[in-house]
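Let me begin by presenting the structure, written as structure tokens, before commenting on it.
Within every chain, numbering begins at 1; the chains are lettered A, B, ... in the order of the sequence lines, protein sequences first and strands thereafter. These numbers come from the heavy atoms of this one structure, side chains and all, not from hydrogens, waters or symmetry mates.
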There are 2 protein chains.
Amino acid sequence: MTTKTKHHHGDLKNALVKAGLALLDEEGLEGLSLRKCAAKAGVSHAAPAHHFGNLAGLKGAIGFEVFTIFSKYMQDAAAREGDSDIARLKGICRGYVQFGIDHKSWLDVMFGIAPAEIAKLRGDLGDSNSYQVLRQACAPFVPEGVEPHIVEFQVWSLIHGYTQLFLSGRLNQGEVTQIDDGPFDQVMALLDRLAPS
Amino acid sequence: MTTKTKHHHGDLKNALVKAGLALLDEEGLEGLSLRKCAAKAGVSHAAPAHHFGNLAGLKGAIGFEVFTIFSKYMQDAAAREGDSDIARLKGICRGYVQFGIDHKSWLDVMFGIAPAEIAKLRGDLGDSNSYQVLRQACAPFVPEGVEPHIVEFQVWSLIHGYTQLFLSGRLNQGEVTQIDDGPFDQVMALLDRLAPS
DNA sequence: ATCGTATCTTTACAGTGTAAAGTTTGCATT
DNA sequence: AATGCAAACTTTACACTGTAAAGATACGAT
């Protein structure tokens with residue numbers, strides 16, 4: 001446990017990001033503020049500026065943290081569904097929705113950041129882990145002579161759109177607390193037709 | 001032209017919504033504020049409260065206005081692409097992306113509102129125009145004995161996800177100023193396989 | 001002409017982001 | 001151990017924003 005002296009928190013950068021994640025779960029995107037993060041981390045409101053510059057910088061750091069957590073989450077989802085190629089792909093899609101259910105506002109922050117900014121933090125956009133999970137899961141469905149990202153973009157568009165519409169209650173009545181398996185499977189049936197038969 | 005007396009704008013509700021739409025195009029979602037809308041409409045910062053209650057209420061009204069404009073836009077897109085069922089469906093999808101390119105922040109406001117709120121303003125969710133356009137365009141692709149909304153949700157998920165990812169620069173490099181026809185057609189090729197063959 | 005309600009304006013306050021000046025601490029150097 | 005510098009904060013200040021309350025003006029009904 002880091003010892004905090006009067007002017008030296010010790011691990012404030014991390015603490016602020018963690019505070020941000022907690023606030024997002026507690027109060028949503030609109031409840032996230034620089035001062036609340038600072039208060040939660042036990043420092044004055046101006047302390048974050050030294051590490052992040054401003055609120056946009058802090059959001060960038062939070063978004064990147066979500067990116068990292070999400071990547072690991074998707075890797076686990078892929079590893080869990082090993083039965084077949086299509087089961088793995090659908091398992092990843094299900095994981096995408098589940099992550100959104102568990103942390104809707106985290107996704108909002110992550111997708112509110114320009115990809116160039118995540119790339120800057122990541123150092124290599126093309127090797128981003130969650131995208132790599134998608135790429136590997138889609139690989140079996142890419143017809144010969146076809147650019148892999150065509151199928152990747154089809155899948156990503158479908159699942160991202162479904163997640164956004166479902167989480168915002170546009171595909172269903174009532175509060176979203178879990179995946180509606182029936183409707184989910186029905187929409188994801190389109191994944192059975194990724195490659196022309 | 002409405003004559004504005006000292007304490008009576010005449011059509012402030014409309015003016016504030018219009019001001020909001022303009023601000024969204026000029027400064028994006030983060031540049032939208034109650035005070036800026038009021039200033040643009042030529043009234044004091046507290047005037048909107050009488051009509052909308054608060055900022056959330058004003059956003060709701062702006063979102064509903066976008067909903068109305070978008071519905072007409074989609075109706076026009078559907079009418080324009082009359083060649084075949086699939087051409088019409090793809091034309092609507094293309095219109096969805098184009099609308100987002102033209103007014104990204106308008107979509108952000110519209111999708112930031114709970115559908116129950118739009119329903120309250122609309123009076124009948126199931127009859128919402130843009131959804132009706134989607135429904136009619138999807139109808140030819142619904143297999144016998146299948147619930148229509150399954151295909152509708154597949155199409156909506158795909159095009160909504162594509163629009164969001166494309167507009168935020170996750171599917172392409174550089175600034176988004178127009179639809180990339182090649183990539184768009186490649187992703188929308190999935191629409192050719194809506195019904196099992 | 002009068003009255004009540006609608007439609008504003010003005011004043012005030014809390015929360016927020018950012019900036020600048022100041023203080024404290026850790027670490028490197030001597 | 002002493003010193004100095006930069007890092008890592010705190011404090012103070014200000015502008016912007018949302019909201020609320022009190023007050024002023026205007027419209028429409030009677």
Side-chain angles (χ1 to χ4, degrees), chain A residues 1-63 105 108-109 112-114 117, chain B residues 1-63 105 108-109 112-114 117:
Chain A
M1 175 69 75
T2 309
T3 302
K4 175 177 181 286
T5 56
K6 193 173 187 305
H7 274 179
H8 207 283
H9 182 280
D11 192 24
L12 186 56
K13 211 170 175 176
N14 236 342
L16 287 166
V17 169
K18 293 292 190 276
L21 292 175
L23 272 163
L24 285 165
D25 277 344
E26 290 159 15
E27 305 184 34
L29 187 57
E30 292 194 358
L32 181 72
S33 77
L34 202 71
R35 290 189 186 230
K36 283 179 184 171
C37 288
K40 212 182 222 324
V43 292
S44 69
H45 62 277
H50 178 73
H51 297 277
F52 301 106
N54 53 17
L55 178 59
L58 174 57
K59 277 184 172 179
I62 294 172
S105 295
D108 289 338
V109 173
I113 297 168
E117 192 177 345
Chain B
M1 173 70 76
T2 310
T3 303
K4 176 178 180 285
T5 57
K6 194 174 186 305
H7 273 179
H8 205 283
H9 182 280
D11 193 23
L12 185 55
K13 213 171 175 175
N14 234 344
L16 287 166
V17 169
K18 293 290 189 276
L21 293 176
L23 271 164
L24 284 165
D25 277 344
E26 291 158 16
E27 305 185 34
L29 188 57
E30 292 194 357
L32 181 73
S33 77
L34 202 71
R35 289 190 186 228
K36 283 180 184 171
C37 288
K40 211 184 229 316
V43 293
S44 70
H45 63 274
H50 177 74
H51 298 276
F52 301 107
N54 53 20
L55 177 59
L58 175 56
K59 278 186 173 178
I62 295 172
S105 294
D108 288 339
V109 173
I113 297 168
E117 192 176 345

(Q) For B:L55 versus B:S33, what's the shortest heavy-atom pair and its separation? (A) CD1-C, 4.5 Å
Q: Verify the contact: side-chain N or O of B:H51 to OP1 or OP2 of C:dA6, cut-off strictly under 4.0 Å; return yes or no.
A: no
Q: Round to a whole Å and report the spacing from NZ of B:K13 to P of C:dC8.
A: 12 Å
Output side-chain donor-acceptor pairs under 3.5 Å for residues 21-32 of chain B, partner residues at least two apart or in another chain, one line each.
unit_1	atom_1	unit_2	atom_2	d
B:D25	OD1	B:H103	ND1	3.1
B:D25	OD1	B:W106	NE1	3.3
B:D25	OD2	B:H103	ND1	3.2
B:E26	OE2	B:K40	NZ	3.4
B:E27	OE1	B:K36	NZ	2.9

Q | Pairwise distance CZ(B:R35) to OG(B:S44) - rounded to 0.5 angstrom | A | 9.5 Å
Q: Round to the nearest Å and state the distance from A:H9 atom NE2 to C:dG26 atom P.
A: 14 Å
Q. Residues in side-chain hydrogen bond (donor to acceptor under 3.5 Å, both in side chains) with B:K13, at least two apart?
A. none
Q: Check each residue of residues 18-25 of chain A for a non-hydrogen atom within less than 4.0 Å of any atom in DNA chain D, then write out the ones that pass by number, or none.
A: none
Q: May I ask you to evaluate whether A:H8 reaches the phosphate of D:dC9, defined as a side-chain N or O under 4.0 Å from OP1 or OP2?
A: no
Q) salt bridge (Lys or Arg N to Asp or Glu O under 4.0 Å): which pairs involve residues 42-63 of chain A, sequence neighbours left out? A) none
Under 3.5 Å, sequence neighbours excluded: what are the donor-acceptor pairs made by side chains of residues 45-54 of chain A?
unit_1	atom_1	unit_2	atom_2	d
A:N54	OD1	A:A56	N	3.3
A:N54	OD1	A:G57	N	2.9

Q: Rounded to the nearest angstrom, tell me the gap between atom CG in B:D11 and atom P in C:dT7.
A: 11 Å
Q) Starting at CZ of A:F52 and ending at P of D:dA8, how long is that distance when rounded to a whole Å? A) 12 Å
Q: Check B:V109, B:I113, B:L16 against B:I62 for a side chain to side chain contact (heavy atoms under 4.5 Å, CB included) and give me the one that passes.
A: B:V109
Q.
At under 4.0 Å between heavy atoms, how does the protein contact nucleotides 16-25 of chain D? Give one character per nucleotide, 5' to 3', with B, S or -.
A. -BBBBB--BB
Q. To the nearest angstrom, how far is B:H50 atom NE2 from C:dT5 atom C1'?
A. 9 Å
